[in-house]
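Worksheet for the structure shown next.
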Amino acid sequence: MSLTPTTAMVLAAGLGTRMRPLTDDRPKPLIKVAGKALIDWTLDRFAAAGVERAVVNVHYFADMMEAHLKTRTRPAIAVSDERAQLLETGGGLKRARALLGDGPVFCANTDAILLDGPGAEPCARLAEAFDPARMDALLLLVPIEAASGYDGRGDFELSAAGRLAGRHGERAPYVFTGFQIISLDLLDGAPEGPFSTRLLWDRAAAKGRFMGVVHDGAWMHVGDPQGLDEAERRLSEGMRR
């Protein structure tokens, strides 16, 4: 039985070093793409999906981030303050756990933009596929050929049953979009301080509860100035049609 989470974690505390010099005077989530800040592409998608509350972690240019977040009305925003120490993705989730309530929750990065395909909206696709009886983490994937601004070799292989495994050979067919639904129970016993969500994924995989579902639209990775230029071009072409 699917149930759409009403709470989301937005991972927005990173230093954005690959986006320099654009991040010399602002955090990466506030870089604009087609006139809209990256973080607003993510928050607007969550708001449209029915998310009522989003927790956003802040570290780099934290005051600027908080000022921007105060201008939003939907979803309601809570800030997880990482000014004292950058905690990486998993550590950020752990620090925010008290603000997130009971899981599972949506979780997303802010350096990617999803374009809707012919099927279900991406958050709806995740919610429809998430089964808490069978999975602790469900990642939204995109075929590597549907990605722009991405020069990697793929992240995951996907079984017919929907289970995920890391890249085994030179190339994997799917890339992680940055969007997922994750059970906060995976944080039980997690270490203090910085760590990656990969530790949580490894825990889910060890129990056969690490799954994936494929997005049927395009995915634009906006991780560096070249990716930003490509996203601007694709969005501009779409707006002219």
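Please read all numbers here as calculations on a predicted model, not as lab measurements. Atom set for the values below is all heavy atoms of this structure, side chains included, hydrogens, waters and symmetry mates excluded. Residue numbers run from 1 in the order of the sequence given.
Considering only heavy atoms from C-beta on, Leu235 comes within 4.5 Å of Val33 through its side chain. Considering only heavy atoms from C-beta on, Val214 comes within 4.5 Å of Pro143 through its side chain. Proximity of Trp41 to Met220: side-chain heavy atoms (C-beta onward) are nowhere separated by under 4.5 Å. Between Thr23 and Ile31 there is a side-chain heavy-atom pair separated by less than 4.5 Å. A 4.5 Å side-chain heavy-atom check between Asp202 and Phe210 finds every atom pair outside the cut-off. Side chains of Ile182 and Val105 form a contact here, defined as non-hydrogen atoms less than 4.5 Å apart. Using a 4.5 Å heavy-atom threshold, the side chains of Leu184 and Asp102 count as separate. Inter-residue side-chain proximity for Leu141 and Leu164 is flagged as met; some heavy-atom pair is nearer than 4.5 Å.
When all heavy atoms are compared, the tightest approach of His221 to Gly149 is ND1-O, 3.2 Å. Scanning both residues, Gly92 and Asn57, for their nearest heavy atoms gives CA-ND2, 4.1 Å. Residues Gly227 and Asp224 share a closest heavy-atom pair of N-OD1, 2.7 Å. When every heavy atom of Met19 is checked against every heavy atom of Pro225, the shortest pair comes out as SD-N, 3.5 Å. Listed here is the closest heavy atom pair of Glu82 and Ala13: OE1-CB, 3.9 Å. Closest approach of Thr197 and Thr89 over heavy atoms only: N-OG1, 3.0 Å.
Between Glu157 and Arg167 there is no salt bridge, since no side-chain N of the basic residue sits under 4.0 Å from a carboxylate O of the acidic one. In summary, Arg74 and Glu52 do not engage in a salt bridge, as defined by a charged side-chain N under 4.0 Å from a carboxylate O. Contact check on Arg45 versus Asp116 returns a salt bridge, with a Lys/Arg side-chain nitrogen under 4.0 Å from an Asp/Glu carboxylate oxygen. Using a cut-off of 4.0 Å between Lys/Arg side-chain N and Asp/Glu carboxylate O, Arg95 and Glu192 are scored as not salt-bridged. One finds a salt bridge joining Asp111 and Lys28 here, because a Lys/Arg side-chain nitrogen approaches an Asp/Glu carboxylate oxygen to under 4.0 Å.
Between atom CE of residue Met135 and atom OG of residue Ser183 there is a gap of 12.0 Å, rounded to the nearest 0.5 Å. Atom CG in Leu228 sits 13.0 Å away from atom NZ in Lys32 (nearest 0.5 Å). Distance CG/Leu199 to CD/Glu88: 10.5 Å, rounded to 0.5 Å. A distance of 10.5 Å separates CE of Met9 from CG of Asn109, quoted to the nearest 0.5 Å. The line from CG of Leu38 to CG of Leu30 is 9.0 Å long, rounded to the nearest 0.5 Å. Rounded to the nearest 0.5 angstrom, Phe130 CZ and Gln180 CD are separated by 10.0 Å.
Ile181 and Leu158 end up in different hydrophobic clusters when Ile, Leu, Val, Met, Phe, Trp and Tyr side chains are linked at under 4.5 Å. Under the 4.5 Å side-chain heavy-atom criterion for grouping Ile, Leu, Val, Met, Phe, Trp and Tyr, Val10 is not connected to Leu87 through any hydrophobic cluster. The hydrophobic clustering, which links ILVMFWY residues whose side-chain heavy atoms are closer than 4.5 Å, places Leu187 and Leu86 apart. Note on Val58: it does not cluster hydrophobically with Leu11, by side-chain heavy-atom contacts below 4.5 Å among ILVMFWY residues. Using a 4.5 Å cut-off between side-chain heavy atoms of Ile, Leu, Val, Met, Phe, Trp and Tyr, with links allowed through other members, Leu43 and Leu100 fall into different hydrophobic clusters.
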Report the C-alpha separation of Thr4 and Leu126 in whole Å, then their side-chain angles, then the decisive distance to 0.1 Å, and conclude whether the side-chain contact (heavy atoms from CB on, under 4.5 Å) test is met. CA-CA 8 Å; Thr4 301; Leu126 272 170; over 6 Å; no

Please evaluate residues Asp216 and Arg125 with respect to the criterion side-chain contact (heavy atoms from CB on, under 4.5 Å), reporting the C-alpha separation (whole Å), side-chain torsions for both, the decisive distance (0.1 Å), and the verdict. CA-CA 10 Å; Asp216 64 358; Arg125 183 177 292 270; 2.9 Å; yes

For Arg72 and Asp44: C-alpha separation, side-chain torsions, deciding distance, then whether salt bridge (charged side-chain N to carboxylate O under 4.0 Å, His left out) applies. CA-CA 10 Å; Arg72 293 197 58 97; Asp44 286 349; 2.8 Å; yes

Might you work through the side-chain contact (heavy atoms from CB on, under 4.5 Å) test for Ser148 and Arg234, ending with a clear yes or no? CA-CA 9 Å; Ser148 74; Arg234 293 189 69 169; 3.4 Å; yes

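The neighbour count for Asp24 CG, taken as heavy atoms of other residues, nucleotides or ligands under 6.0 Å away, is above 12. More than 12 heavy atoms of other residues, nucleotides or ligands sit less than 6.0 Å from atom CG of Asp25. Environment of CZ in Arg83: crowded, with over 12 heavy atoms of neighbouring residues, nucleotides or ligands closer than 6.0 Å. Counting heavy atoms of neighbouring residues, nucleotides and ligands inside a 6.0 Å radius, atom NZ of Lys207 exceeds 12 of them. Within a 6.0 Å radius of NZ in Lys36, more than 12 heavy atoms belonging to other residues, nucleotides or ligands are found. Counted within 6.0 Å of CD on Glu145, heavy atoms from surrounding residues, nucleotides or ligands total more than 12; the atom is thus considered enclosed.
Only one option out of Arg97, Arg203, Lys94 pairs with Asp188 in a salt bridge (Lys or Arg N to Asp or Glu O under 4.0 Å); it is Arg97.
Aromatic ring centres of Phe176 and Tyr150 lie farther apart than the 6.0 Å criterion allows. A distance of 6.0 Å or more separates the ring centres of Phe106 and Phe179.
Using modelled atom types, one finds a donor on one side chain and an acceptor on the other under 3.5 Å when comparing His68 with Asp40.
Judged by distance alone, the side chain of Trp219 and the main-chain N or O of Thr177 form a donor-acceptor pair under 3.5 Å.
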